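Quantities reported herein were computed from a predicted structural model and do not represent experimental measurements. Below, each value reflects all heavy atoms present in this structure, side chains not excepted, and no hydrogens, waters or symmetry copies.
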Number of protein chains: 2
Amino acid sequence: MNFDSFIQENGKQVIFKKHEHVFMQGESNDNFYFLRSGLLKAYYVLEDGRESVKSFILSGNTITSLTAAYTKEQCSFSLVALQESQLIEIPFDCIEEATRRSHDMARKVIEILLSLSMKKERREYELLSLPAEERYRQLCETSPQLIEAVTQNDIARYLGITPVALSRIKKRLLNMN
Amino acid sequence: MNFDSFIQENGKQVIFKKHEHVFMQGESNDNFYFLRSGLLKAYYVLEDGRESVKSFILSGNTITSLTAAYTKEQCSFSLVALQESQLIEIPFDCIEEATRRSHDMARKVIEILLSLSMKKERREYELLSLPAEERYRQLCETSPQLIEAVTQNDIARYLGITPVALSRIKKRLLNMN
DNA sequence: GTGTTGCGTTAACCTCGGTTAAAAATAGAG
DNA sequence: CTCTATTTTTAACCGAGGTTAACGCAACAC
């Protein structure tokens with residue numbers, strides 16, 4: 001069976017308005033989510049109250065807190081809607097169980113996890129090896145629609161810098177061209 | 001069938017002496033590796049010649065260049081032995097094929113990929129949210145044996161800073177306690 | 001309208017890490 | 001052991017980003 005149709009059939013549609021949380025860091029949440037429309041932000045809150053953005057989730061993509069859904073610990077991050085969002089919620093165990101029953105489903109999940117790993121590897125590389133200015137330039141090139149949709153505040157936290165620093169970087173880039 | 005015994009039976013044992021490369025960034029390499037003994041370093045070389053360390057591989061762990069083995073592009077990083085290392089080499093396609101034939105194998109691969117994803121998520125979090133000094137402190141706590149076995153040069157590149165900066169951090173930490 | 005709230009920019013100051021270079025300490029090779 | 005390499009430390013200088021605070025601006029409520 002197709003993974004997408006499996007999700008559609010076994011999942012439950014849920015809607016979150018702008019600024020509503022899907023889950024909060026520290027809570028438990030066993031679900032896997034597929035975003036049909038809208039825009040989500042996954043973010044960490046540090047001990048000192050500072051915030052950093054793990055990722056933005058665009059429609060058509062999926063998100064789950066592995067620590068909460070797979071190992072049953074607390075969510076390591078919070079998930080909030082930046083726009084009204086329509087998502088499909090499905091218990092992680094339900095997928096887990098499907099991979100036990102269906103060989104096809106297991107193979108499909110492997111594919112998904114492989115792309116997920118490659119995406120994470122790319123992000124890890126950028127954070128490790130590229131300076132903030134370069135990370136910003138690449139983000140502008142690869143995801144111009146994101147720059148439009150999201151506040152500069154959140155872009156900065158996603159790049160691992162402060163909004164003030166991002167404002168300076170933008171100015172520097174302008175003065176170059 | 002057990003994943004480890006599958007690797008043992010279908011893989012080929014290879015040995016790399018200190019400083020020998022398993023593969024180089026830019027090459028193609030379709031293999032999945034299991035490290036039986038020794039120590040490996042996976043690292044990126046940037047356009048300007050600078051180097052950053054993606055990860056250290058301890059014995060009992062596995063490593064593969066997903067971009068090369070899965071999507072058949074070039075290796076995105078180089079892999080070198082820091083000590084004489086004994087590893088099992090197995091074509092990625094061989095595992096891929098095994099997941100097609102065997103449901104058990106597919107389920108085992110899912111488990112492996114899930115832990116891999118969680119490990120990467122942790123690293124991503126540290127690079128994004130923690131200052132270099134804190135990353136170093138945590139590394140000392142969680143992997144003291146690594147600090148012993150690896151040059152400070154490589155530790156610094158793993159933390160995303162220069163050896164000079166790491167030397168200063170160590171001094172700062174000493175003067176505190 | 002007025003007030004409020006949040007976002008983006010700018011400036012001043014400070015800290016941390018990068019760069020370069022030199023010295024000190026260790027490790028390897030013969 | 002001796003003589004090189006390599007690694008680590010230290011110092012001086014610089015630049016990028018953090019912090020704080022002020023200001024301008026737009027959106028929105030009232």
- Parallel, tilted or perpendicular: ring planes of B/F32 versus B/F3, cut at 30 and 60 degrees: perpendicular
- Task: Kindly assign one of parallel, tilted or perpendicular to the pair B/Y44 and B/F77, based on the angle between their ring planes and the thresholds 30° and 60°.
- Result: perpendicular
- Side chains of A/V14 and A/F16: closer than 4.5 Å at any heavy-atom pair? yes
Which of the following nucleotides, [options], is nearest to the side chain of [X]?
| X | options | value |
| --- | --- | --- |
| A/Q152 | D/dT10, C/dG8, C/dG17 | C/dG8 |
| B/I161 | C/dG17, C/dA21, D/dG17 | C/dG17 |
| A/S167 | C/dC16, C/dT10, D/dG18 | C/dT10 |
| A/K171 | C/dG18, C/dA11, D/dT8 | C/dA11 |
| A/V164 | D/dA21, D/dT10, C/dC7 | D/dA21 |
| A/N153 | C/dG8, D/dG17, D/dA21 | C/dG8 |

- Message: For the residue pair A/E51 / A/Y43, report whether a side-chain donor-acceptor contact shorter than 3.5 Å exists.
- Response: no
- Query: If you measure only the distance, is there a donor-acceptor pair under 3.5 Å linking the side chains of B/R107 and A/T99?
  - Reply: yes
Take the protein atom [atom1] of [X] and the nucleotide atom [atom2] of [N], then report the distance between them rounded to whole Å.
| X | N | atom1 | atom2 | answer |
| --- | --- | --- | --- | --- |
| B/K18 | D/dA5 | NZ | P | 17 Å |
| A/R172 | D/dA16 | CZ | P | 5 Å |
| B/L159 | C/dG18 | CG | P | 10 Å |
| A/L127 | D/dG17 | CG | C1' | 16 Å |
| B/I155 | D/dT7 | CD1 | P | 13 Å |
| A/Y136 | C/dG8 | OH | P | 11 Å |
| A/H19 | C/dC7 | NE2 | C1' | 12 Å |
| A/E51 | C/dG6 | CD | C1' | 14 Å |

- Task: Decide yes or no, distance alone: a donor-acceptor N/O pair under 3.5 angstrom between the base of D/dG18 and the side-chain of A/R50.
- Result: no
- Message: For D/dG18, does the base pair up with any side-chain atom of A/R168 as donor and acceptor (N or O, under 3.5 Å, distance only)?
- Response: yes
Phosphate OP1/OP2 of [N] contacted by [X] side-chain N/O (<4.0 Å):
| X | N | answer |
| --- | --- | --- |
| B/R157 | D/dT7 | no |
| A/T162 | D/dG18 | yes |
| A/K170 | C/dT9 | yes |

